[in-house]
Amino acid sequence: MSLETKLKKLPKTPGVYFHRDKKGKIIYVGKAARLNNRVRQYFQNSTKRTADIKTQKLIAEIADTDWVEVDNELEALFLEAEMIKRYKPRFNILERDDKSNTYVRIDRKSTAPTVTIVRQPLDDGAEYYGPYIGAYPLRKALKYLRKIFPYSTHSQLPKRACLQYHIGLCPGPETGDYDEAEYKRNLSALVSYLKGNRVALVKDLEKEMKQLAKAQQYEKAAIVRNQLRNLKSLTTHIVFGDKENLDLSKDHALSDLMDIFELTQAPRRIEGYDISHMSGTNTVASMVVFTNGVSDKSSYRKFKMRSPGNDDFLHMREVLTRRLGERNQKSWGLPDLVLIDGGKGQLSSALEVARGLNVDVPMIGIAKRHEEIIVMNQGSNVSVDHEQVRSMQGTVEVGDEFTVVRLPTNSHLVSLLRRIRDESHRFAVNYHSTLKTGAQRQSILDEIPGVGAVTKKKLLRKFGSLKGIKQARKEELASVVGYKRAMIIRQYLRKK
């Protein structure tokens with residue numbers, strides 16, 4: 001279908017669009033309140049004349065365009081963020097000021113959790129969603145969502161109830177009426193919406209409302225009823241305008257996974273695994289989860305390896321043994337697909353565990369070089385549709401034990417698998433770095449005479465790190481541990 005014909009079929013609904021170059025590579029991902037108005041703007045003569053240099057360069061390279069329809073603008077905003085992370089389009093990533101990146105930060109582990117917008121995610125135990133392009137539409141989206149799911153933004157709790165509490169936008173953690181459990185349930189619903197699970201969320205709320213009404217808890221039932229009503233009214237709000245329930249079958253990558261590997265259905269839950277260590281020390285494994293093709297950070301898990309050494313095959317067997325154990329199966333369920341970061345050896349180790357535990361889960365590997373997809377010929381419930389691979393301009397190499405699938409690096413499927421692989425690697429490396437830093441702090445501070453666990457905790461809380469302790473003046477150290485102990489610490493660290 002020609003581009004001109006496609007443009008005539010653009011819908012009037014909200015959605016996310018994908019511009020491609022002549023090689024078929026996605027070069028830009030955008031969101032729209034009305035797809036027909038927004039996408040056609042790129043091809044109008046007035047736009048070509050008045051657009052900035054970046055947009056003119058983008059328009060000159062557009063050879064084709066696709067789109068995905070969603071129910072409302074908020075869903076378009078959140079889906080756009082995930083698609084940018086998956087495809088890394090050049091005109092979204094390389095030619096954008098990094099300061100325009102924004103994230104939603106939610107610290108659900110706190111006794112008084114907050115929801116805030118930040119520029120840079122940190123390894124502080126909080127959950128981060130994004131990045132989103134531009135803070136304005138994100139702030140506006142959260143403004144509407146806060147009316148449905150009230151949340152706190154206090155970095156420090158005020159001494160008395162804030163204005164937002166009195167108008168119903170804050171749960172009031174600073175008040176005596178604060179219900180922490182109820183607030184965290186509310187935040188779980190907000191997080192579910194941020195992940196794109198609107199349909200499931202509505203069903204859950206409808207079920208909860210009926211249960212509350214049956215138990216004659218009419219006030220609580222009315223609150224849930226109002227949440228449902230406001231959720232359904234989100235389609236009437238304008239979040240970002242023309243200037244600026246995801247169906248799995250519309251996600252090309254998930255459809256390709258099902259077709260190429262002859263799965264019975266599009267994989268709803270995909271788990272990715274990676275191992276990280278340094279010369280066999282502080283070895284860890286990561287498990288990342290993608291639900292409906294989108295990262296589900298609340299389901300991520302990390303494993304500290306019990307087996308010594310730097311044997312990746314041994315550690316892959318250990319992490320899959322722990323993951324597929326009876327307790328974790330009951331808690332987390334089973335994935336629809338497992339992606340192993342590594343080649344044939346790592347995949348063999350994972351499949352060996354699954355067979356030993358009589359667990360029937362499709363597993364594939366992705367090699368670090370050339371983005372090759374590895375499938376085991378025997379003992380695996382994954383097969384390869386050769387014709388489907390060839391229709392995608394890919395190749396299949398069948399060996400004695402393994403089949404290697406090579407697809408164009410700009411294909412939807414490779415983009416999704418690379419995104420999962422990179423995320424599992426990032427998560428594993430972050431955990432490894434945390435353990436390594438903790439071990440370094442422990443090994444040095446614990447050697448200092450007179451510095452026990454309590455003193456070490458005080459020092460790290462005050463100065464943040466070993467480097468901060470080294471750079472502290474003796475007066476600052478003395479204010480925490482006393483003059484005599486401060487001099488001992490300074491002398492010991494200078495020698496080191």
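Values in this document were obtained by computation on a predicted structure and should not be read as measured data.
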* Asked: Would you say the side-chain atoms of Asn377 pair up with the backbone N or O of Gly399, donor to acceptor, closer than 3.5 Å?
  -> yes
What one should report as the nearest heavy-atom pair of Val29 and Phe18 is CG2-CD2, 3.7 Å
In this structure, CD1 of Ile148 is separated from CZ of Arg229 (nearest 0.5 Å) by 12.0 Å
Original post:
Backbone N or O of Ser152 within a donor-acceptor pair of the Tyr183 side chain at under 3.5 Å?
Top reply: yes
Original post:
Is the backbone N or O of Pro113 less than 3.5 Å from a side-chain atom of Asp107, with the two atoms forming a donor-acceptor pair by type?
Top reply: no
Tyr178 versus Leu157: any side-chain heavy-atom pair under 4.5 Å? no
In terms of heavy-atom contacts, Arg322 and Asn328 come closest through O-ND2, 2.7 Å
* Asked: Between Glu371 and Thr409, is any side-chain donor less than 3.5 angstrom from a side-chain acceptor?
  -> no
| Looking at Arg390 and Glu387, does any basic side-chain N land under 4.0 Å from a carboxylate oxygen? | yes
Practice item. Let me see the working for Val319 and Met287 under side-chain contact (heavy atoms from CB on, under 4.5 Å), right down to the final yes or no. Key: CA-CA 9 Å; Val319 68; Met287 179 188 94; 5.9 Å; no
Does this structure show an ion pair linking Arg419 with Glu423, if we count only N-O contacts that are shorter than 4.0 Å?
yes
Could you go through Val202 and Leu228, starting from their C-alpha distance and side-chain angles, then the distance that decides it, and tell me whether this counts as side-chain contact (heavy atoms from CB on, under 4.5 Å)? CA-CA 7 Å; Val202 168; Leu228 279 166; 3.9 Å; yes
Separation between CG (Leu138) and OG1 (Thr102), nearest 0.5 Å, reads 4.5 Å
Sorted by chain and residue number, the ring-ring contact (aromatic ring centres under 6.0 Å, His included) partners of Phe78 (sequence neighbours excluded) come out as Tyr132
Closest non-hydrogen atoms of Met363 and Asn381, given as atom of the first, atom of the second and distance, are N-OD1, 4.4 Å
query: Can you tell me if Asp21 uses its side chain to pair, donor with acceptor, with the backbone of Lys23 under 3.5 Å?
result: yes
Report task. Determine yes or no for a side-chain-to-main-chain donor-acceptor pair under 3.5 angstrom, with Arg86 supplying the side chain and Gly293 the backbone. Result -> yes
Review point. Would you say Leu3 and Phe43 make side-chain contact, with heavy atoms under 4.5 Å?
Key: yes
inquiry  = Between Lys184 and Thr111 (side chain of the first, backbone of the second, donor and acceptor by atom type, cut-off under 3.5 Å), is there such a pair?
reply    = no
Is the shortest distance from a Lys or Arg side-chain nitrogen in Glu182 or Lys220 to a carboxylate oxygen in the other one below 4.0 Å?
no
Looking only at heavy atoms, the pair that brings His154 and Cys170 closest together is NE2-SG, 4.1 Å
Check whether Glu75 reaches the backbone of Asn72 with its side chain - one donor and one acceptor, N or O, closer than 3.5 Å.
no
Might you confirm whether atom NZ of Lys344 has over 12 heavy atoms from other residues, nucleotides or ligands at distances under 6.0 Å? no
Heavy atoms of Ser383 and Glu262 approach each other most closely as OG-OE1, 2.5 Å
Original post:
Ile270 versus Pro335: any side-chain heavy-atom pair under 4.5 Å?
Top reply: no
Query raised in the report: Is Asp64 paired with Lys6 through a side-chain N to carboxylate O contact shorter than 4.0 Å?
Result: yes
As a quick check of understanding, evaluate side-chain contact (heavy atoms from CB on, under 4.5 Å) for Leu10 and Tyr17, giving each step before the final call. CA-CA 10 Å; Leu10 281 162; Tyr17 57 91; over 6 Å; no
Is there a side-chain contact between Arg426 and Asp422, using heavy atoms and a 4.5 Å cut-off?
no
**Message:** So does Leu145 get a backbone contact from the side chain of Tyr151, meaning a donor-acceptor N/O pair under 3.5 Å?
**Reply:** no
Closest non-hydrogen contact found for Arg421 with Ala367 is NH1-O, 3.9 Å
Other residues, nucleotides and ligands only: do more than 12 of their heavy atoms fall within 6.0 Å of NE2 on His425? no
Can you confirm whether Val359 sits close enough to Gln329 that some side-chain heavy atom of one is under 4.5 Å from a side-chain heavy atom of the other?
yes
Would you check if Asn186 and Pro150 make a side-chain contact, meaning some heavy-atom pair closer than 4.5 Å?
yes
Value for CD (Glu69) from NZ (Lys12), rounded to nearest 0.5 Å, stands at 12.5 Å
### Message
Would you say that Arg20 contacts Asn410 through its side chain, given a criterion of any heavy-atom pair below 4.5 Å between the two side chains?
### Response
no
query = So, does Ser286 use its side chain to make a donor-acceptor pair with the main chain of Ser424 at under 3.5 Å?
reply = yes
Apply side-chain contact (heavy atoms from CB on, under 4.5 Å) to Ile366 and Glu372, showing your working. CA-CA 6 Å; Ile366 180 168; Glu372 295 174 337; over 6 Å; no
Rounding to 0.5 Å, atoms OG1 (Thr153) and CD1 (Ile117) come to a distance of 10.5 Å
Output for pair (Phe290 CZ, Leu339 CG), nearest 0.5 Å, gives 10.0 Å
> Between Phe303 and Trp332, how do the two ring planes meet: parallel, tilted or perpendicular, split at 30° and 60°?
Replying inline: perpendicular
I'd like to check His412 versus Ile26 (side-chain heavy atoms, cut-off strictly below 4.5 Å). Are they in contact? yes
OG of Ser391 to CD1 of Ile260, rounded to nearest 0.5 Å, is 7.5 Å
Discussion item. Looking at Glu174 and Cys162, would you say the former's side chain and the latter's main chain have a donor-acceptor pair under 3.5 Å?
Written reply: yes
